[in-house]
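Only heavy atoms go into these numbers, but all of them, side chains included; no hydrogens, no water, no symmetry mates.
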Amino acid sequence: MIIDQQAEFGEMMWRADPETVRTAQLTEFRQYVQGQGVEIGDAYEELWQWSVDEPAAFWQAFAEFAGVYMEPAPRPIRTTDPMPNTKWFPGRRLNFARQLLEGHEGTALLAVAEDGQQTEVSWQQLRHDVAALAQHLRDLGVEQGDRVAAVLPNIAEAVTAFLATASLGAVWSICSPEFGPGAIASRFTQLEPKVLITSPGHTLGGKDRDNTATLQAVLDEVSSIEHVVWVAGDTVITEPALGVPAARWEEIILQDAPLEFTDVEFSSPLWVLFSSGTTGKPKGIVHSHGGALLEELKMLMFHTELRPGDRYLNVASTSWVLWNALVSALGVGATAVLVDGNPTYPSHSRVWEVAAATKTTALGVSAGLIHACEKTGLAASESYDLSHLRCLQVTGSPLSLDGYRWVYANVGDVWLSSMSGGTDIGSIFVGGVVTEPVYAGHIQVPALGVRVESWDNAGKPTTGKGELVVTDPMPSMPLFFWGDADGSRYRDSYFTMYPGVWRHGDFIEFNDSGILIHGRSDSTLNRHGLRLGSAEIYAVVEAIPQVAEAMVIGAEINAEDYYMPLFIQPAAGFDAEQTRADIVTAIRKHLSPRYLPDDIIEMRAIPHTKTGKKLEVPVKRLLQGEAASDVVDLGAIDDAELFAQYAAFARNYLEQRTRAAV
């Protein structure tokens with residue numbers, strides 16, 4: 001129930017009614033472990049504390065509660081090796097695809113094309129298609145450990161292809177077709193896949209786009225690809241001849257084949273997810289069958305309250321880790337709602353239109369989408385029937401106070417579950433639970449089984465703002481980075497700042513109202529000795545109506561100089577002089593005069609990765625004199641022409657500095 005739509009920062013906005021709390025899966029799990037003799041009370045904090053104090057007992061209990069089938073083995077739940085060498089459920093065998101496909105009936109997938117047309121895929125049909133494609137892959141010689149790659153949009157065939165690959169014990173990786181050929185090739189050349197599953201075209205922004213040139217460039221670079229499977233999907237583009245043996249999807253799935261699963265070790269590779277590639281060669285992050293399965297199910301069952309028959313829509317491209325969470329909804333018997341094309345075309349209201357049309361019960365969106373809806377004054381619940389919606393998940397970046405207020409004023413009586421995690425772990429560190437209240441501007445709780453803390457620069461725990469660290473292993477921490485034979489790149493990414501402790505690269509703060517994420521610590525602002533997360537700047541600047549979005553950069557130019565520009569994208573009603581004055585006033589009032597930017601620059605838009613993250617670090621490196629080709633893969637970002645404008649700005653700034661120094 002909504003407590004206060006316009007609550008002040010840190011005040012209670014919403015809490016569930018007693019019946020919702022009583023029947024929550026989280027409550028059922030607490031009662032389950034209490035029934036096993038675990039002495040904890042009814043508070044979430046006690047359940048969380050037990051889950052991190054007794055991780056082996058927690059994960060064993062969760063696997064049993066969730067009905068995860070694993071071949072038994074007389075070994076411990078986890079080894080005593082420190083991170084990153086801890087092994088979970090050694091000797092146990094399972095298959096990720098088995099857990100998602102068996103034991104469910106009804107509608108498995110609900111695919112929504114960009115024109116709004118809906119296609120339902122039953123569990124029976126999905127199992128049939130997975131079996132047929134798996135047999136085709138076997139016939140091509142694909143075995144356990146081989147790689148199958150895909151360039152596909154968010155369509156039913158992408159889900160089927162992943163599950164068929166996983167059923168064989170082969171390793172899956174996928175890129176969205178919006179990626180450029182260089183971005184795709186830089187990922188897949190590392191993996192050396194045998195088979196590529198792709199579509200000759202894709203629909204985006206109302207246009208049918210031809211993938212031929214991109215795919216030819218990829219095949220020229222990725223010499224390991226021996227066979228292509230063409231997926232027609234919704235495109236009218238016909239399959240080109242690319243000089244590689246090929247088969248057509250619609251012919252493959254006409255065949256009948258037995259549905260079989262290759263059971264593999266808990267720690268066998270399942271998929272390779274890639275980092276954004278904006279600060280170097282994309283990291284190929286390898287997750288395991290067992291670790292990914294347990295973490296995804298935990299996140300969906302307890303931190304989303306997803307149940308059999310629910311409909312789960314996560315607005316994510318196939319290249320974003322949230323697509324993997326969307327597919328994993330099948331593991332709890334829910335229907336995965338797949339949205340092809342641009343989910344905000346022709347406007348941001350489309351997300352709410354699709355949620356209403358599909359009777360979605362749990363919806364995942366980015367904070368950026370919420371902020372855009374708030375800026376345009378969209379009244380979602382007035383225009384669309386959102387009565388089926390129970391949970392609204394928000395991630396991607398911190399959600400502002402105005403974002404919280406917009407949700408409760410314009411979406412309705414929903415549980416707003418803000419969360420933060422990452423591709424690195426395929427899960428969340430902190431998020432929501434329906435049994436706890438929602439406080440304005442705050443994430444609710446640390447996730448079960450995650451000993452997440454805030455540490456200062458000296459490596460000491462603090463409840464105030466500090467580095468987000470995890471001090472005890474999680475089952476879904478990466479097995480390794482692909483091609484990182486000695487593990488040095490893996491260790492350098494997470495374990496160099498605090499040896500033996502995972503440092504994620506975010507600023508986090510714990511207080512009485514919940515948890516705050518203050519942005520990336522690797523793009524921290526350090527003005528006159530005062531450290532500040534960029535998210536704190538965005539919270540005050542993007543609250544100004546005339547600012548659609550902002551990006552602040554803190555660049556150390558040399559040993560003495562520090563340049564801090566603020567880039568802004570104007571919104572409707574923009575008045576340059578008044579907006580600049582409002583920005584200065586807001587920063588002085590809410591933060592510190594020390595954080596007044598050196599320049600306020602109007603730009604057409606703010607640049608992002610394909611998954612919506614602001615390009616703070618690449619722009620910082622431009623201002624430090626690096627070439628655009630060295631700081632970002634243009635195929636991995638949303639607007640190459642826009643990024644060129646930032647590169648031109650950086651060149652002009654550096655030239656002016658040089659002239660001034662002469």
Side-chain angles (χ1 to χ4, degrees), residues 1-34 38 40-53 58 61-62 65 295 297-307 310 332 361-364 367 370 389-395 398-401 403-405 407-408 411-421 427-454 463 468 508-517:
M1 63 188 79
I2 299 173
I3 306 301
D4 185 352
Q5 289 181 348
Q6 298 297 317
E8 294 299 319
F9 189 76
E11 293 182 349
M12 187 185 298
M13 297 195 80
W14 179 93
R15 67 183 176 196
D17 60 77
E19 181 63 14
T20 297
V21 173
R22 186 186 69 81
T23 59
Q25 291 183 112
L26 186 67
T27 302
E28 294 175 4
F29 178 67
R30 174 179 50 75
Q31 294 169 344
Y32 176 78
V33 298
Q34 287 172 332
V38 177
I40 56 173
D42 294 346
Y44 177 81
E45 184 177 3
E46 292 186 56
L47 180 60
W48 175 81
Q49 192 67 55
W50 170 74
S51 76
V52 296
D53 287 346
F58 165 71
F62 173 69
F65 180 82
E295 282 284 359
L297 292 181
K298 182 203 68 178
M299 179 176 67
L300 294 168
M301 293 177 70
F302 298 153
H303 300 289
T304 314
E305 281 294 324
L306 203 65
R307 294 177 178 271
D310 283 347
V332 299
T361 48
L363 170 64
I370 297 295
L389 188 63
R390 300 194 313 265
C391 175
L392 178 63
Q393 289 183 324
V394 181
T395 190
L399 183 63
S400 68
L401 174 60
Y404 277 76
R405 289 172 170 170
V407 167
Y408 284 112
V411 176
D413 186 6
V414 296
W415 164 37
L416 173 55
S417 178
S418 182
M419 59 188 194
S420 183
S427 186
I428 60 172
F429 299 111
V430 294
V433 288
V434 76
T435 59
E436 298 297 307
V438 173
Y439 292 91
H442 288 69
I443 296 172
Q444 289 174 282
V445 295
L448 286 179
V450 185
R451 192 182 286 275
V452 57
E453 299 178 7
S454 173
T463 57
L468 188 162
I508 191 170
E509 178 183 343
F510 296 85
N511 62 40
D512 292 340
S513 295
I515 301 165
L516 302 172
I517 299 292

Taking atom [atom1] of [X] and atom [atom2] of [Y], what is their separation to the nearest 0.5 Å?
X      : Y      : atom1 : atom2 : value
Trp50  : Arg30  : CH2   : CZ    : 12.5 Å
Ile428 : Thr395 : CD1   : OG1   : 8.5 Å
Leu516 : Ser454 : CG    : OG    : 10.5 Å
Phe510 : His442 : CZ    : NE2   : 11.5 Å

For a quick test of reading the model, state the closest non-hydrogen atom pair linking [X] to [Y] and the distance between them.
X      : Y      : answer
Glu509 : Thr463 : CG-O, 3.8 Å
Ala61  : Tyr32  : O-CE2, 3.7 Å
Ser417 : Gly431 : OG-C, 4.4 Å
Trp14  : Ile2   : CD1-N, 3.7 Å
Leu416 : Tyr404 : CD2-CD2, 3.4 Å
Leu399 : Ser418 : CB-OG, 4.5 Å

Is [Y] close to [X] at the side-chain level, that is, under 4.5 Å between some pair of heavy atoms?
X      : Y      : value
Ile508 : Phe429 : no
Val445 : Trp48  : no
Val450 : Lys298 : yes
Ile517 : Leu468 : yes
Tyr44  : Leu448 : yes
Met12  : Asp4   : no
Glu46  : Gln49  : no
Ile515 : Pro446 : yes

Task: Stepwise side-chain contact (heavy atoms from CB on, under 4.5 Å) test for Thr304 and Asp310 - done: CA-CA 11 Å; Thr304 314; Asp310 283 347; over 6 Å; no

Is atom [atom1] of [X] surrounded by more than 12 heavy atoms (other residues, nucleotides or ligands) closer than 6.0 Å?
X      : atom1 : result
Gln31  : CD    : yes
Arg307 : CZ    : yes
Asp17  : CG    : yes

Task: side-chain hydrogen bond (donor to acceptor under 3.5 Å, both in side chains) partners for His303, two or more places apart - done: none

Indicate yes or no for a side-chain donor-acceptor contact from [X] to the backbone of [Y] under 3.5 Å, with no hydrogens or angles considered.
X      : Y      : answer
Thr27  : Val21  : yes
Gln25  : Met301 : yes
Tyr408 : Val414 : yes

TODO: Kindly indicate, with the supporting measurements, whether the criterion side-chain contact (heavy atoms from CB on, under 4.5 Å) is fulfilled by Met1 and Arg15.
DONE: CA-CA 5 Å; Met1 63 188 79; Arg15 67 183 176 196; 4.3 Å; yes

TODO: Please say which of Glu305, Gln393, Gln444 ends up in a side chain to side chain donor-acceptor pair (under 3.5 Å) with Trp415.
DONE: Gln444

- [ ] For the residue pair Phe62 and Phe29, categorise the inter-ring angle as parallel (less than 30°), tilted (30 to 60°) or perpendicular (more than 60°).
- [x] perpendicular

TODO: State which residues pass salt bridge (charged side-chain N to carboxylate O under 4.0 Å, His left out) with Glu8; sequence neighbours excluded, sorted by chain then number.
DONE: Arg405

